[in-house]
Amino acid sequence: MGPLYLFELASSQARYLELRQSTIATNVANANTPGFKARDVEPFNKVLDGMPVRLATTSPSHMQLSAAETDTRKTDKKDSWEVVHSGNSVSLEQEMIKGSDVNRDYSMNSAIVRSFHRMVLSSAKT
């Protein structure tokens, strides 16, 4: 049996979600601090895009692609932070949306890990 990268990937995403939740909590805590600039962490898929997956060539008949042809990075999306008169750029509505995104991603991560764990246990029993 080969290494199970899914658990490592799920663990990395859980650490990412923990960091993002902490950043959101800091933004909310400083919603009334004059001059405070809202922060966010880089999206998880962008972090993964930084490590492009290369196609495996296991047969001489497979096509050879250059690194530029297999690169799947996206372009950056412009942030839409609004700055109020005090110089604070925290939008509580945006922080709530980001918090619900973290909750949804954590629930999905847990469900995938739980399903994969059950699959590994059932294969070990047979």
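The structure displayed is predicted, hence computed values, not measured ones.
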Exercise. Between the main-chain N or O of Asn103 and the side-chain N or O of Ser107, is there a donor-acceptor pair closer than 3.5 Å?
Worked result: yes

Exercise. Can you hop from Ile24 to Ile97 via hydrophobic side chains spaced under 4.5 Å?
Worked result: no

For this session: Spell out, yes or no, whether Met96 and Val41 are grouped together once hydrophobic residues are joined by side-chain heavy atoms under 4.5 Å, including indirect joins.
Result: no

Exercise: identify the closest heavy-atom pair between [X] and [Y]:
X: Asn88; Y: Thr33; value: ND2-O, 2.7 Å
X: Ala31; Y: Leu92; value: CB-CD2, 3.8 Å
X: Ser89; Y: Ala38; value: OG-N, 2.7 Å

For this session: Report, as yes or no, whether the 6.0 Å neighbourhood of atom CZ on Phe44 holds more than 12 heavy atoms from other residues, nucleotides or ligands.
Result: yes

Exercise. Are the charged groups of Lys98 and Asp101 less than 4.0 angstrom apart, N to O?
Worked result: no

Exercise. Side-chain contact, heavy-atom cut-off 4.5 Å: Leu17 with Gln21?
Worked result: no

Seminar exercise, completed: Here the gap from Met119 atom CE to Leu6 atom CG, rounded to the nearest 0.5 Å, amounts to 8.0 Å

For this session: Mind checking the CG-CD spacing from Asp40 to Glu95? Nearest 0.5 Å is all I need.
Result: 7.5 Å

For this session: State which residue, out of Asp105, Ile112, Val113, fulfils the side-chain contact (heavy atoms from CB on, under 4.5 Å) condition with Asn109.
Result: Val113

Exercise. How are the rings of Phe7 and His117 set to each other: parallel, tilted or perpendicular (split at 30° and 60°)?
Worked result: perpendicular

Exercise. Hey, mind stepping through Arg15 and Ser11 against side-chain hydrogen bond (donor to acceptor under 3.5 Å, both in side chains) and telling me if it holds?
Worked result: CA-CA 6 Å; Arg15 285 192 302 271; Ser11 176; 2.9 Å; yes

